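Reading through the structure tokens given below for one structure.
Sequence lines set the chain letters: A, B, ... in the order given, protein chains first and strands last, and positions in each chain run from 1. Please read all numbers here as calculations on a predicted model, not as lab measurements.
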Amino acid sequence: MTPATTTKTALLHLSGVSKGFPGVQALDDVRLELRHGEVLAVVGENGAGKSTLMKLLAGIYTPDAGTFRLNGEEFSIEGPRHAQELGIAIIHQEFNLMPDLTVAQNIFIGREPRSGGVFLDDRALNRSAQELFDRLGLTIDPAERVEHLTVARQQMVEIAKALSFNAKVLIMDEPTAALNDAEVEVLFELIQRFRTPDTGVIYISHRMDELARISDRITVLRDGRYIDTLETATSTVGEVISLMVGRTITGEQRPGQVQRSPDVVLSVAGLSTKKLLKNVGFELHRGEILGFAGLMGAGRTELARAIVGADPIESGRITVDGREVQIGNPAEAARLGIGYLSEDRKRLGVVLEQDVATNIVLSTLPAFTSKVGFMRDGAIIRTARDFIGRLRIKTPSANQLVKNLSGGNQQKVVIAKWLAKDCDILIFDEPTRGIDVGAKDEIYALLEELARQGKSIIMISSELPEVLRMSHRIAVMCEGRLNAVLDNAEATQEIVMDYATRFSAEGTVS
Amino acid sequence: MRSRLRGQIQQLLAFASLIAIVVFFSVANDRFLTWANVTGILLAATVTGLLALGTTFVIITGGIDLSIGTGMTLSAVMTGVFLTYLGLPLWLGVILAILFGGLLGLINGVNVAVLKIPPFIATLAMMLVAAGLSLVISGTAPIYFKETPDFVRLATGSLIPGIRFPNGVLIFIIVAIIAGVVLKKTLLGRYTFSIGSNEEATELSGVNVTKWKIAIYTFAGLFTGLAGVLLASRLSSAQPALGMGYELEAIAAVVIGGTSLQGGKGSIVGTVIGALIMAVLTNGLRIMSIPQEWQSVAVGAVILIAVYLDILRRKNA
Amino acid sequence: MRSRLRGQIQQLLAFASLIAIVVFFSVANDRFLTWANVTGILLAATVTGLLALGTTFVIITGGIDLSIGTGMTLSAVMTGVFLTYLGLPLWLGVILAILFGGLLGLINGVNVAVLKIPPFIATLAMMLVAAGLSLVISGTAPIYFKETPDFVRLATGSLIPGIRFPNGVLIFIIVAIIAGVVLKKTLLGRYTFSIGSNEEATELSGVNVTKWKIAIYTFAGLFTGLAGVLLASRLSSAQPALGMGYELEAIAAVVIGGTSLQGGKGSIVGTVIGALIMAVLTNGLRIMSIPQEWQSVAVGAVILIAVYLDILRRKNA
Amino acid sequence: AGGGGDGAGGGDGGGDKPYIALVSKGFQHQFWQAVKQGAEQAAEEFDVEITFEGPDTEADVDQQLQQLQTALDKGPDAIGFAALDSQAAGPYLQQAQDAGIPVIAFDSGVDSDIPVTTAATDNKAAAAEAAKHMVELVGDTGKIALVVHDQTSVTGIDRRDGFVEYIEENAPGIEIVDIQYGGGDQLKSTDLAKAILQANPDLKGIYGSNEGSAIGVVNAVTELGLEGKLTVIGFDSGQAQIDAITDGLMAGAITQNPVGIGYETVKAAVEALDGKELPKTIDTGFFWYDATNIDDPEIQAVLYK
Ligand SMILES: Nc1ncnc2c1ncn2[C@@H]1O[C@H](COP(=O)(O)OP(=O)(O)OP(=O)(O)O)[C@@H](O)[C@H]1O
Ligand SMILES: Nc1ncnc2c1ncn2[C@@H]1O[C@H](COP(=O)(O)OP(=O)(O)OP(=O)(O)O)[C@@H](O)[C@H]1O
Ligand SMILES: [Mg+2]
Ligand SMILES: [Mg+2]
């Protein structure tokens, strides 16, 4: 892992880059240097300007100011196509896939193989995609339509697409946010293989542990400004974090032995769905954080959706506070005090075209109706501002459209929505996806506070350390089955992974 | 704050095209800006305007309602049934006819929200069924309101003493204000926007989307019913063969007013302006005695230009 | 693989409603399944069918084309101009008329893709302009094809010796196959789906969305042109006052065929089936001499049921 | 000239010619274009200014009344009006009378005393004439059908009822098996007539109630190859119908005198403005024409192409 630090001219060099949006100066005189053959991590809090900087490089936005140099030569980017031609490939933070097209069609959009110059050759297309996946060690059906893929698999498609360009500069904007450890390994393997003396990788992530493993240097942004660049080898996580947030963050700790309440607030028995789930049963106690671990496609999301009535169940019993219930849709679940935060932020979480305040109160709107039936907008704004402050959501105002927020701040908006609702049972599916380290800690604290108040939380997460840090108990799923429910004290990464990979004897994913 | 102010300036500017058109016609023809002609334009805008008001809600949810034209006709026929055939008191007949419009909306809503039939198909089917039933119920002949002469004054009479300001226009203004308040200030309005922006996310937020969609279509149906009543009043008769094509005009008014067929965006003010642009254009060209075949060309061209200018304006704002 | 097979079975099943309707009418009236009537139904389906084929592309991009009805009329009038007024040779006149349809599509495409005018407005404006120009150019009178008697055989003559199989139907079948191949097997088709599925992502993938949208609207326009030619041929004349309302019928055929107005989803097979359902329904009810007002009710109800069954089927698939 | 006080110097034309606004039942169809032509002839002859407008279809009562309203607002000296629904037009006619604007009804009668005169054809009688010829051509027995252009408009109803009533009274042996409505759209009428012919292979005759309907019937007959197998009777004229009659595809048709209607309307308006006494009705007449008399100058004069 010795980067070619001696090279005089950097592979990519940016200086004096600025970009403003109405009400926000997203980037202010930022510089960045990517050397040949290196992986440069770019870190910063939510809304620091990381994605904006990358979108400039991808030709999506045009900068207000700044010079770009590629191998010492100044250039400007006219658009996405031009960026591709220059050898810059990007994996976007928010997916940019065409859900109605197949995986292979998505990957090769704009570069379709044709037979005789006229007709599309989908067989060749699928073959190329298959070759690509084989090379990358992925098992995805190239002919599957993207809308049928889980978020994690969509992420893999994005990654494969970017790698298929034979680019010189590969930009990855939080590629692991939706992946779990096994898939992260695959990705790192890919990055190492991609890296040659001619290429370089810009890697954005909020997972600090990854930085040491993959990056050579780390550039820190804060509030749209360049702060510093560190050599990974000679710096500590604590240093990086304090540069990012301007203060220090206390280390992680696991919950101690908690006195579990005997009250069962939610009990699930024999739950099966047509697609995946097989005979899942568990109990959730009052004041408990129950973590759900598992590999991609283990069925955790499907279980959550089945419980809140978003998907039909085939058999099984759900009991809330001792009463058996039939939950036909999420509205009924909400009435029973069960809230579900989806892992698919863009599609199922936020209402992108509405403002922050509207999103925060979306689940609680009826409570903001006055006696005569009018909405109490003052109260809505007050509540929204309260959460904007508590979760430190970076937005110029409560009236900003959510689509103009950074990814992490959008996630905070979704969390705020469910905190506002005051549900007794919260099912959080990948709640910290894309959230910066500082904010993560605050969210952990919030969840713990909720649990102390007697709320019960199911926390689905692909970040095993997070599950271990937060959960009183840990449920491990595999292939739609619930393989184990462990006490925090007895759980280690190894034990959890062991249960998560105990595939059924037949080894079939029906 | 600042963004709210900007929003209001934008809405004022949305008048720009309308005002330009009005100024043009005033200069071109001195008959245009007479009291009689202006109230005539307003009255002409009421029927499609009312349809457009209701449809604004449906369109903001990301749906569409093709049944408003013939649904209005059927409501007019039902007004005839209630008042002339059954001899009900005026107020009761009118209320029942409006509720009947709501019933049509309810059926649309159930088809869309419960049976999950695409709104285009569900309301197309309703359009055809309503067209047929209007003819069946009326026996393919107009129903007149001989027994209720007051009924005719509902649209064209003038409540305000002294000035000739048609009641129909007054009703339209009041109803538009109500629609605006409902859209901006009530739960129904909020969910209308939210469903249109992201139906799935709204559903997962614990909102009973099915129920609210039905409510929205039903609410929109009430406007159809009222439009039917006013139409019947203006024509002193329920004309059973009318109505086809009105839906397009109303939807055009909505879209010209800046409401997006993709859903999630729209306003009542915009719809009112859209309806006025259509009515002013039609009237102005007639007043100028432009040959009829050229009128159609001119309306098309002006709509295009007006919307294009509106797009430019928003881009620069 | 499995999903592809499932896709094909689905498409076969999509015939179900159509077949059910055909079986019903065959049983109800023994004149229904005669050769002459079946070819009659097919011929009746060609004009709106052609319009529907082109519009399928536009709708899959997430757009809409309201100008196809009067655009067809204008193309028919231009056929008259080329053949009768200018006396061009038959083949040349026909090609020019088809290209003229493409030109209308091109204008729509530019308005939508470059000026960013919402498709509904852009094509509504074109609808009005085309309606007006048809009357202006023809002098509000039909143009006849006296000098080119062969022209009439284009639609109703029979190339296949021995059997009476109208050329118009043959043309429709060929064009439908071409449309199907273009949609499935060419770049134009691929980008049609891609744009409709996620326009922004398509753009970010380096596809020149503006250019391709213009291409798609232009391509769709060619169908409008051809529909105009066939219409003129069937009526032995270009009728300038026709056309309004045809767009709705064509769009209905597309949507009944399972193409989503949201964009991203659709098929030519579906559109053909949709057009056939409409034509069979209309013909069957007429053959049965159902009173016309009830025909409209029946068509509405059957469309609703057919689409509902289709939705159920897909859910269970 | 100059009408009574109110209408002086309307925005149109500029000069001080009297201005007469005509609101008809349509404008796109040839029949109405012929009416317009007659009106223009008269306008030239009597040196008056006219405008001519009509709704898109004969179902558009609302659109027509708006056009009438605008016409009134223009302050004309006289108005010519062909009512789609004369009762619905009542208040507007009242408005005209109050403003002292004389109204000339044309094409079909107006159910009101306000019009000073009516220049019209008796559509019912004309349709009965068509029926009479149908009976003569197909004999006393057999099946016939009607393709009518409109189910609710006055002309549609009169041309249907006049025909049907004549058959019922005078030829009880003839069975009317079907009446369908094609909106005057040639293509729709073609497909519709084909369906009727399919359903009733033993049909002896079809009557099409206006130009579009009649041409639709002729198209249906040729597309099915039934030329000469049944009797087609049409209404109105137009090149296609004239050709069909010359070629023997159509037995004959009724024509009104649209040019005459337009001419008489404007002429009556001018006379009303001059204060002349007018008869209560001006019958513009109708004619049966077929291959035998189509070239007569008297027929040629009332046909439009
Ligand atoms: N299109 C836009 N319009 C307005 N503001 C924007 C827009 N895009 C980004 N911003 C703002 O610019 C700032 C930087 O956003 P950016 O997405 O670059 O952050 P980020 O560092 O990627 O954060 P995260 O870690 O949450 O993804 C944020 O305050 C965001 O709200
Ligand atoms: N190999 C696979 N290819 C495609 N789809 C799969 C595969 N395995 C599972 N799935 C789909 O994944 C869904 C179950 O995944 P779910 O989202 O519930 O899992 P998860 O444990 O939440 O994992 P993650 O969200 O990390 O993907 C099912 O709908 C199933 O059809
Ligand atoms: Mg980001
Ligand atoms: Mg998941």
>> Is C/V182 close to chain A through its backbone or its side chain, or both, or neither, when contacts mean heavy atoms under 4.5 Å?
In response: neither
> Which heavy atom in A/Q84 sits nearest to a heavy atom in C/G206, and how many Å separate them?
Replying inline: NE2-N, 3.9 Å
Which bit of [X] comes within less than 4.5 Å of chain C, counting heavy atoms only: side chain, backbone, both or neither?
| X | answer |
| --- | --- |
| A/I109 | both |
| A/I107 | neither |
| A/H92 | side chain |
| A/N106 | neither |

> Given the options C/L188, C/V207, C/I195, C/L187, which has more heavy-atom pairs under 4.5 Å with chain A than any of the others?
Replying inline: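 Ranked by contacts with chain A, first place is C/L187.
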Atom pair [atom1]/[atom2] of [X] and [Y] - distance to nearest 0.5 Å:
| X | Y | atom1 | atom2 | value |
| --- | --- | --- | --- | --- |
| A/Q105 | C/R190 | CD | CZ | 3.5 Å |
| A/R145 | C/S197 | CZ | OG | 8.0 Å |
| A/L101 | C/Y191 | CG | OH | 10.5 Å |
| C/K184 | A/L120 | NZ | CG | 11.5 Å |
| C/E199 | A/M98 | CD | CE | 11.5 Å |
| A/D100 | C/S194 | CG | OG | 9.5 Å |

>> So for atom CZ, which belongs to A/R123, do other residues, nucleotides or ligands contribute more than 12 heavy atoms lying within a distance under 6.0 Å?
In response: no
> Hey, is CD on A/E85 packed in by over 12 heavy atoms from elsewhere, all under 6.0 Å?
Replying inline: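 Atom CD in A/E85 is crowded, with more than 12 foreign heavy atoms closer than 6.0 Å.
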>> Set out, in order, the CA-CA distance, both residues' side-chain angles and the distance that settles side chain to side chain contact (heavy atoms under 4.5 Å, CB included) for C/N198 and A/L97, then state yes or no.
In response: CA-CA 7 Å; C/N198 188 343; A/L97 297 171; over 6 Å; no
> So do the side chains of A/E147 and C/K265 get within less than 4.5 Å of each other, counting heavy atoms only?
Replying inline: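 Result yes, sub-4.5 Å side-chain heavy-atom pair found.
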